[in-house]
Novice: 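After the structure tokens below, expect a handful of questions from me.
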2 protein chains.
Amino acid sequence: MAARTIGGPCQAWPEESGFIREVLDRIGDKWTVLVISTLAGEPMRYSDLQASIPGISQRMLTVTLKALERDGLLSRTAYPEIPPRVEYELTALGRSLLDSVMALAAWAATHHEDVAASRRAHERTGVGREKTRSAAPDTAPAR
Amino acid sequence: MAARTIGGPCQAWPEESGFIREVLDRIGDKWTVLVISTLAGEPMRYSDLQASIPGISQRMLTVTLKALERDGLLSRTAYPEIPPRVEYELTALGRSLLDSVMALAAWAATHHEDVAASRRAHERTGVGREKTRSAAPDTAPAR
DNA sequence: CCGGATCCTTATCGATACTG
DNA sequence: CAGTATCGATAAGGATCCGG
């Protein structure tokens, strides 16, 4: 343990950390949150999903969908008609997750410019410098 | 609550989706959130960080720290002493992100049992069906 | 004590082809 | 229309050596 002489050794949460990793392993991939957010409004068919998510392949859509279904985040309903029709819909659990994910999205919407500014500052100063280097609020759009 | 818009034919939020991916690309990796949460309490030295995060390698710690510093989520302060001392500390931006991340952790803590239950149910009902694993006799790792 | 640079292993993703 | 199966490219992650 680190327990240095400063402040209180109230570091780490042995339990929460594990949960963070757990949920991040679920939604941390490239498509999961996109599928969930696309499905937020109303049930959708496989084809609609693929059309609504530019760039996703059948394989990735199928894999993501099955994983989400397995975890109870969405429900899959197949109608034995011709042509076959399958609809995917978020469950209550899935919607609750979406809610938390939206919090992250809100953070990004609020702070992404700060992040971009810091990144530009580091590019200019040569990254390796120590702190005490408060970069000017460069709002330049370029890049 | 999740995004309402229920009943509306219009799908998703074209903008939020992009922000979600943006933040997920930052923290979606294996170690970023662990570093952030470990650093939540007080500033820590490189060695302390490594000791507090079981399983992380020097390389991954260095890479993660530099990325976080570049994005302005933490500050790095080097003291020119002997032996050298370097301390890492979350910035206000980093703490605000941690707050959102904690929301996700809270979701996981609340619902991880539901997820586990769904997963077991699917194993029983045969959703996963047969793995068809034995179908490939020679699947040699030709690589 | 801090952490950069290199090499290697392995999970993940994308494209294509095929089936019900 | 709704998937499934296989292959190859890529890069994240891990181990280790080396320098400051």
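Protein chains get the first letters and strands the later ones, always in sequence-line order, with residue 1 at the start of each.
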Novice: Please report, rounded to the nearest Å, how far the P atom of D:dC1 is from the CD atom of A:Glu81.
Specialist: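 Checked: the CD to P distance equals 14 Å.
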Novice: Enumerate the residue pairs fulfilling ring-ring contact (aromatic ring centres under 6.0 Å, His included) with a member in residues 82-110 of chain A, sequence neighbours excluded, ordered by first and then second residue.
Specialist: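 The answer is A:Trp107-A:His111.
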Novice: Base, sugar-phosphate, or nothing for A:Tyr88, non-hydrogen atoms under 4.0 angstrom?
Specialist: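 Sugar-phosphate contact only.
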Novice: Can you measure B:Leu65 atom CG to C:dC1 atom C1' for me and round it to whole angstrom units?
Specialist: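 Taking atom C1' of C:dC1 as the reference, CG of B:Leu65 is at 15 Å.
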Novice: What residues, two or more places apart in sequence or in another chain, satisfy salt bridge (charged side-chain N to carboxylate O under 4.0 Å, His left out) together with B:Asp25?
Specialist: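 Listed in chain order: B:Arg21.
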Novice: When you check the phosphate oxygens OP1 and OP2 of C:dG4, does a side-chain N or O of B:Tyr46 lie under 4.0 Å from one of them?
Specialist: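 No, because none of the side-chain N or O atoms of B:Tyr46 sits under 4.0 Å from OP1 or OP2 of C:dG4.
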Novice: Whole-Å distance between C:dA11 P and A:Arg26 CZ?
Specialist: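 One finds 16 Å between P of C:dA11 and CZ of A:Arg26, rounded.
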Novice: Output the rounded distance in Å from CD (A:Glu87) to C1' (D:dG3).
Specialist: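 Going from CD in A:Glu87 over to C1' in D:dG3 covers 16 Å.
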Novice: Rounding to a whole Å, what distance do you find between A:Leu49:CG and D:dA2:P?
Specialist: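 Distance, rounded to whole Å: 10 Å.
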Novice: What integer distance in Å separates A:Lys66:NZ from D:dA2:P?
Specialist: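 In whole Å, D:dA2 P lies 15 Å from A:Lys66 NZ.
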Novice: Could you give the CE-to-P distance, from A:Met44 to D:dA2, as a whole number of Å?
Specialist: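 Distance check: A:Met44 CE to D:dA2 P gives 11 Å.
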Novice: Given 3.5 Å as the limit, does a donor-acceptor pair link the side chain of A:Asp71 with the main chain of A:Leu73, or not?
Specialist: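 No, the answer is negative, given that no donor and acceptor are paired below the 3.5 Å cut-off.
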Novice: Which nucleotide, C:dG3, D:dA2, D:dG3, lies nearest any side-chain atom of A:Arg76?
Specialist: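 The answer is D:dG3.
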Novice: Going by distance alone, is a donor N or O of one side chain under 3.5 Å from an acceptor N or O of the other, for A:Asp99 and A:Ser96?
Specialist: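 Looking only at side-chain atoms, A:Ser96 and A:Asp99 do not form any donor-acceptor pair under 3.5 Å.
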Novice: Would you classify A:Thr62 as touching base, sugar-phosphate or nothing, given that sugar-phosphate means primed atoms plus P, OP1 and OP2, and contacts are heavy atoms under 4.0 Å?
Specialist: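 The answer is base, as A:Thr62 lies within the cut-off (heavy atoms under 4.0 Å) of a base atom.
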Novice: What heavy-atom pair brings B:Thr38 and B:Ile53 nearest, and what distance separates the two atoms?
Specialist: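 Taking B:Thr38 first and B:Ile53 second, the nearest heavy atoms are OG1-CG1, 3.7 Å.
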Novice: Rounded to whole Å, please give me the gap between CG in A:Leu61 and P in D:dA5.
Specialist: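 Distance check: A:Leu61 CG to D:dA5 P gives 16 Å.
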Novice: Could you run down nucleotides 13-20 of chain C 5' to 3' and tag each one B, S or - for protein heavy-atom contact under 4.0 Å?
Specialist: BBBB---B
Novice: Which pair of heavy atoms, one from B:Arg95 and one from B:Leu90, lies closest together, and at what distance?
Specialist: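 In terms of heavy atoms, the two residues are closest at NH1-O, 3.2 Å.
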Novice: Report the C-alpha distance between A:Glu87 and A:Met44 in whole Å, list the side-chain angles of each, state the deciding distance to 0.1 Å, and finish with yes or no for side-chain contact (heavy atoms from CB on, under 4.5 Å).
Specialist: CA-CA 5 Å; A:Glu87 286 198 339; A:Met44 290 182 85; over 6 Å; no
